[in-house]
Amino acid sequence: MATVELSRLRRTLGRWYRVNGRHDLPWRTTRDPYAVLVSEVMLQQTQVSRVHPRYETWLKRWPTAESLAEATTGTVIREWAGLGYNRRAVNLQRAAREALEKFGGIPTEEAKLLTLPGVGPYTAAAVACFAGDKRTVALDTNIARVVARTLLGEATARVPHKQKLKEAAKAWLPKRGTRAHQLAAMDLGATVCKASSPACEICPLKSDCTWLAAGQPEADPTPNGKVTAAPFKSTARFARGQIVAILAKDSPLPASSIAAQLPEEHQENCGRYLEALAGDGIVTFRKEHWGLAEDL
DNA sequence: AACACGGGGTG
DNA sequence: CACCCAGTGTT
């Protein structure tokens, strides 16, 4: 991609963002690393619309890393209820505790962030950029798709192209204003350059998009080689979620009374699920009873 | 590279 | 029912 085109794409995206960006999102009006970290962890695999109300409640209850660190893990899991991937809640609190101990607070240096549990390449870069205004590539699914299409002419961001995508995204970064640039690319991906039924007619980048120029070639069909996935209700994931919900409402409980509240098909595996949940730090076992972590 | 890990919204 | 969503950790 020629330098001149990249700089035009940057400016066009910036103009679009100033008018159409989601500037009112509460985690965008703060530069507090803790608040930004909370939002980024909540947003892992979870839509903005679902996170928005929960983020506000969370920050009201635990406005600082210190307050979250002092809470009981069981309390944290209850507050998380319904957001899914309960490990994220456990890791978020662990991250707060570790960061306070090691760094005296939530850092904005990518390398330090990366040492925290539940903080991977994306989240570390996002906190560094959005809270610390650091110039680093935060490649989430939206930005990856925008880069894949506009710059590389690919329909989707494919795993094998991850490194290429990162390089292209980096080349696209402005010298200054990285934060706004990446938020803009993210918003474009979320509202216009969508995974399915993208709105190319109204896209500000349509005249420069290599994917559109190539006639929007379809992505390769998903490798449908696998057997049809089991109904969600019969997955271990569903059962684990049920167990956490049961213990959030009423604990401590012996394994037998937990199992009794599960759907028939999951009862015999209840013990296995509990052990796995304990391994994830979500539940604990004391005196023949199970409860949410630190609740016993 | 492939899986496990939640749950709700959408077509 | 299938796919999608501001991913991470383990094998």
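Order of the sequence lines sets the chain letters (A, B, ...), proteins ahead of strands, with each chain counted from 1.
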With a 4.0 Å cutoff (strictly under), does any side-chain N or O of Arg145(A) reach OP1 or OP2 of dC5(C)? yes
Between Thr46(A) and Ser49(A), the residue closer to the 5' end of DNA chain B by nearest nucleotide is Thr46(A)
Using a heavy-atom cut-off of under 4.0 Å over every strand shown, decide if Ile143(A) touches base, sugar-phosphate, or nothing. nothing
Is any side-chain nitrogen or oxygen of Arg88(A) closer than 4.0 Å to OP1 or OP2 of dG7(C)? no
The correct set of residues in residues 35-44 of chain A placing a heavy atom under 4.0 Å from DNA chain C is Glu40(A), Leu43(A), Gln44(A)
Does dG7(C) have OP1 or OP2 sitting under 4.0 Å from an N or O in the side chain of Gln45(A)? yes
Taking dG6(B) as the reference, what is the distance to dC4(C) when you measure between their C1' atoms (whole Å, please)? 14 Å
Neighbours of DNA chain C within residues 51-63 of chain A, by heavy-atom distance under 4.0 Å: none
Candidates dG7(B), dA6(C), dG7(C) - which lies nearest the side chain of Arg50(A): dG7(B)
Look at the side chain of Asp140(A) and decide which nucleotide, out of dG7(C), dC5(C), dC5(B), has an atom nearest to it. dG7(C)
Contact class for Thr123(A) (heavy atom, under 4.0 Å): base, sugar-phosphate, or nothing? sugar-phosphate
Step through it carefully: locate the ring centre of Tyr17(A), locate the ring centre of His181(A), and say whether they are under 6.0 Å apart. no
Salt bridge flag under 4.0 Å for residues Asp295(A) and Arg78(A): yes
Report, one pair per line, the protein and nucleotides 9-11 of chain C atoms (nitrogen or oxygen only) whose separation is under 3.5 Å.
| from | atom 1 | to | atom 2 | distance (Å) |
| --- | --- | --- | --- | --- |
| dG9(C) | OP1 | Gly118(A) | N | 2.6 |

Among dC5(C), dG6(B), dA6(C), which nucleotide has an atom closest to any side-chain atom of Leu25(A)? dA6(C)
